[in-house]
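Please read these numbers as outputs of a predicted model, since none were measured by experiment.
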Amino acid sequence: MNRQTTASTCCYCGVGCGVLIEHDGEQILGVSGDPTHPANFGKLCSKGASLHLTGDLTARALYPELRLGKGLARSRTDWDTALDHAVNVFADTIAEHGPDSVAFYISGQLLTEDYYAFNKLARALVGTNNIDSNSRLCMSSAVVGYKRSLGADAPPCSYEDLELSDCVMIVGSNMAYAHPVLFRRLEEAKSRRPQMKVIVIDPRRTDTCELADLHLAILPGTDVALFHGILHLLLWEDWIDRDFIKAHTEGLAELKNLVRDYTPQMVAQLCGISTEQLQQCAEWIGTSPSFLSLWCMGLNQSTAGSAKNSALINLHLATGQIGKPGAGPFSLTGQPNAMGGRETGSLSNLLPGHREAANPEHRAEVASYWGVEQLPENPGLTAIELFEQVGNGKIKALWIACTNPAQSLPDQNAVREALQACPFVVLQEAFRTTETAPFADLLLPAASWGEKEGTVTNSERRISHVRRAIAAPGEARADWAITVDFAQRLEQRLRPGQSSLFAFNEPAQVFDEYKELTRDRDLDLSGISHALLDRIGPQQWPFPGGALEGTPRLYVDGVFPTASGRARFVADPYRAAKEQRDARFPLTLITGRLRDQWHGMSRTGTAAQLFGHVNEAVLSLHPDELRRHRLQDGDLVSLKSRRGDLIVAVGSDDSVRPGQAFLPMHWGDRFLKGGINTITQPAFDPLSKQPELKHSGVRIEPVQLPWQLFALIEGNVQAHFEALRPLCEAFTYVSLSLTGRERPALLIRAASAVAPDPQLLRDIDQQLGLNEGPVLAYDDPRRSIGKRVRIESGRITAIRLAGETLARHWLQSLWLEGTADEQLRRWLLAPLSTPPGSATSDPSANKTLCNCKNVSQNAVCAGIRRGLDLNGLKQELGCGTQCGSCVPEIKRLLAATAQPIAVTS
């Protein structure tokens, strides 16, 4: 085997980790962290370390598919037919209804070159500003915050500031799950310098809080009041930098008048914290030599997201904590190239080089550079607005690339209705299994991780070269190449006889054209090229022509890219969230992330081992809340909001307050019938247009679904998924996931009020391979109970329990162990539902605590019972020695089983 290694980057979060892809020129065989990459120095999280396991070709889009009429099935076609058909539909739509009747919805997972090609296509060729990115859902409030306060959309910090800071405040981010490699850096810095103060502000007590010296569990949505209350104390105690304020800022007088009313007593009551906690937080911020803030979706995904960002930046301006080591307001980007999208102007209100689409001078500059007469003036539609216009018929042709709006957008009932009604939907996508794929009239197969070349910009403004290791499978093509091919064909209809705007043959040419639009701008990266990155490694912008290295820190001279050269204090009052708890919806639903899944699970959902830690959607409720509703762990409830409802299992979790509930954001309709975003709200921030995905008013109602189904089948999971998921639609509750490592399998849990038609069970059994062959079965039609297990070569390969599923955890354990003994056979052929003897039905029996080293919770607990401490567990079991994400959970298990210490007088 010709084993090779290609240096590239991870395709998940905005940390931008370098990876080394092991391959043989045709297949990706493994992945490891790149020790030379300055973002991660060789470290990877559980998701990045398993990237090579997400290459399931049966989940991939491999060739173009075209549907020639609504209601018809798509059929395979060739690229020429596919793109010519798209050109005809787009050109005819533009001719009849104008350029604003079409739109493009793209993604922070695209490379910078892909982004630029789409932006030029929409604005220079089609003539519309209707191009927006799913980054609107995660980073647009940070964009507004930076621009309003500092003058430009530029995170001023570097990752090295994590090690250098004396006081780090993490706000609205479960950093331990969302950005684990950076969290590990912070942990190591804290262990070296215990005097460093770590403050975590989050309604939940997440794993990130394990590192905190102070956790402020504020009530959801009260961040602006908290920050104003902190500033009130900074001013009162004179913990401010008067010289910095006088020399480098403006607007403090107005802000002072506002925050005068945010007294400690008022803020503490409003936020649900104590005045002592507030005072301590302000003191550490105001007296620490350096102060760094880190934030993510908890601030951004809000109807007050822009106000939250600016109120936080106000604290840095008041204390002069910006432009120096270990200090500054540092937004943690959610997607691998959300920054690249912002840089290329691929949000509806932006243009390349941090220009504004509403600014006539900016439009003229870009039009002149592109060689077109003018760029469109009409404001473009942002994500939520765009799909509203799709729904009301104003958008008649929609091009979606590398994103999954039928999972990720809020108010999914409205989104799916809009997609269904749209006359023509193009989906440019690597995975044909996403929730959006069924709505596509044209599916264009795109290259994916390890198969494409270009650049990405991470959270610290560092540009990395993404290198291709292997060719894309089937007929899949790079995103920029698909876009350019379509654009060249569309030019022949819209600009016949004119020279092409898209004379690109390779991604380096796209980048070289784009970078000139940044020259002499705040983000000047005109000195960067693919070849330079290959020569000297990833670099931070600004990196103007002639530079020898990137810029680690911005605003070191106190000069800001505003008209006056001064940073601005922004005085936005606290406004309560638009959707509050009330008598009808008495709970606040909080959404967030799981440790081992990413976004809508288009990619991570193909790797069975990433379900080992959590394998189904569970609504986390405080134990008091469970008692109030008379619920037990695992019970099913109807979770209802003002927009829709879904059935979900509940779990006890004292990390959330009474009156609140938590649900991971990853589960779409493919894995959980309805999907999480059926109930989230589309209300958005008036400035950033970012929707309030984080908090919704909900209520829970018990449901009576006594008839239950459990099924497991190993091997060829995508084929089984496609065959079985439609059959499950007949059930009221449906949850699907994967399990296993060496032997991946599909898991199904479903429930209904009454037993289904017997034919449905026969159809399910046929797909499970339980209708013939080496199958042991027991059926009791009178009780609507049935048990079927397929045993091959002495081990279980498929399971179906119907009616009652009390033995599902036991059977899954037997499958995992590869055993099928006489005890199992006796149980199968008897009218018993419960597992025999002392067999366990503990749901945590099969839980994988450490995904990197495949260490179960049972193994960790057994080690603790033998007297092992954390170091002993690491040495003996290997858990916590790779990415470290399991360490907080292991510490909690150690604390829960610690023996009391005898106290003598």
Original post:
Can you list the residues that meet the side-chain hydrogen bond (donor to acceptor under 3.5 Å, both in side chains) rule with Thr36, with sequence neighbours excluded?
Top reply: Asp34
Enter the distance from [X]:[atom1] to [Y]:[atom2] here, rounded to the nearest 0.5 Å.
X: Leu211; Y: Ser191; atom1: CG; atom2: OG; answer: 9.0 Å
X: Asp524; Y: Leu517; atom1: CG; atom2: CG; answer: 11.5 Å
X: Ile106; Y: Thr483; atom1: CD1; atom2: OG1; answer: 8.5 Å
X: Tyr12; Y: Trp598; atom1: OH; atom2: CH2; answer: 8.0 Å

Checking the side chain of [X] only, and the main-chain atoms of [Y] only, is there a donor and an acceptor separated by less than 3.5 Å?
X: Arg468; Y: Gly454; value: no
X: Arg462; Y: Pro38; value: no
X: Asp685; Y: Ser306; value: yes
X: Asn337; Y: Leu110; value: yes
X: Asp161; Y: Ser158; value: yes
X: Glu460; Y: Tyr159; value: yes
X: Asp213; Y: Val198; value: yes
X: Ser310; Y: Ser149; value: no
X: Gln539; Y: Leu533; value: no
X: Asn309; Y: Gly305; value: yes

**OP:** Only counting residues at least two apart or in another chain, list the ones meeting side-chain contact (heavy atoms from CB on, under 4.5 Å) with His248.
**Re:** Phe244, Phe560
**OP:** Applying side-chain contact (heavy atoms from CB on, under 4.5 Å), name anything that partners Asp512, two or more places apart in sequence or on another chain.
**Re:** Lys515, Ser529
Original post:
Can Thr319 and Asp241 be said to form a side-chain hydrogen bond (donor to acceptor under 3.5 Å, both in side chains), step by step?
Top reply: CA-CA 5 Å; Thr319 54; Asp241 187 334; over 6 Å; no
Less than 4.0 Å between a side-chain N and a carboxylate O, is that true for [Y] and [X]?
X: Asp166; Y: Arg193; result: yes
X: Glu188; Y: Arg185; result: no
X: Glu160; Y: Arg553; result: yes
X: Lys689; Y: Asp132; result: no
X: Arg184; Y: Glu187; result: yes

Would you please say whether a donor-acceptor pair under 3.5 Å links the side chains of [X] and [Y]?
X: Ser141; Y: Asn300; result: no
X: Ser526; Y: Glu516; result: no
X: Ser459; Y: Thr333; result: yes

Subject >> Residues Ser302, Lys694; criterion side-chain hydrogen bond (donor to acceptor under 3.5 Å, both in side chains); working and verdict >> reply: CA-CA 7 Å; Ser302 168; Lys694 277 289 173 189; over 6 Å; no
Original post:
Are His354 and Trp541 close enough that their ring centres sit under 6.0 Å apart?
Top reply: yes
**OP:** Not counting sequence neighbours, which residues clear salt bridge (Lys or Arg N to Asp or Glu O under 4.0 Å) with Lys147? List them please.
**Re:** Glu356
**OP:** Before giving the answer on side-chain hydrogen bond (donor to acceptor under 3.5 Å, both in side chains), spell out for Ser8 and Thr6 the whole-Å C-alpha distance, their side-chain angles and the decisive distance to 0.1 Å.
**Re:** CA-CA 6 Å; Ser8 194; Thr6 299; over 6 Å; no
Taking every non-hydrogen atom, the tightest pair across [X] and [Y]:
X: Arg595; Y: Tyr177; answer: N-CD2, 3.4 Å
X: Ser288; Y: Trp284; answer: OG-O, 2.5 Å
X: Thr551; Y: Pro542; answer: OG1-O, 2.7 Å
X: Gln321; Y: Ala327; answer: OE1-CB, 3.3 Å
X: Leu255; Y: Val570; answer: CD1-O, 3.7 Å
X: Pro376; Y: Asn129; answer: O-ND2, 3.1 Å

**OP:** Using the test ring-ring contact (aromatic ring centres under 6.0 Å, His included), find all partners of His37 that sit at least two apart in sequence or belong to another chain.
**Re:** none
**OP:** I would like to know whether Gln109 and His599 meet side chain to side chain contact (heavy atoms under 4.5 Å, CB included); could you show each step before the answer?
**Re:** CA-CA 11 Å; Gln109 295 159 61; His599 281 33; 4.1 Å; yes
**OP:** For residues 113-122, pull every pair meeting side-chain hydrogen bond (donor to acceptor under 3.5 Å, both in side chains), keeping only residues two or more places apart or in separate chains.
**Re:** Glu113-Thr455, Glu113-His530, Tyr115-Ser133, Tyr116-Trp370, Tyr116-Glu513, Asn119-Arg123, Lys120-Glu513
Subject >> Test log, rule side-chain hydrogen bond (donor to acceptor under 3.5 Å, both in side chains), inputs Ser564 and Glu250 >> reply: CA-CA 9 Å; Ser564 65; Glu250 59 191 12; 3.2 Å; yes
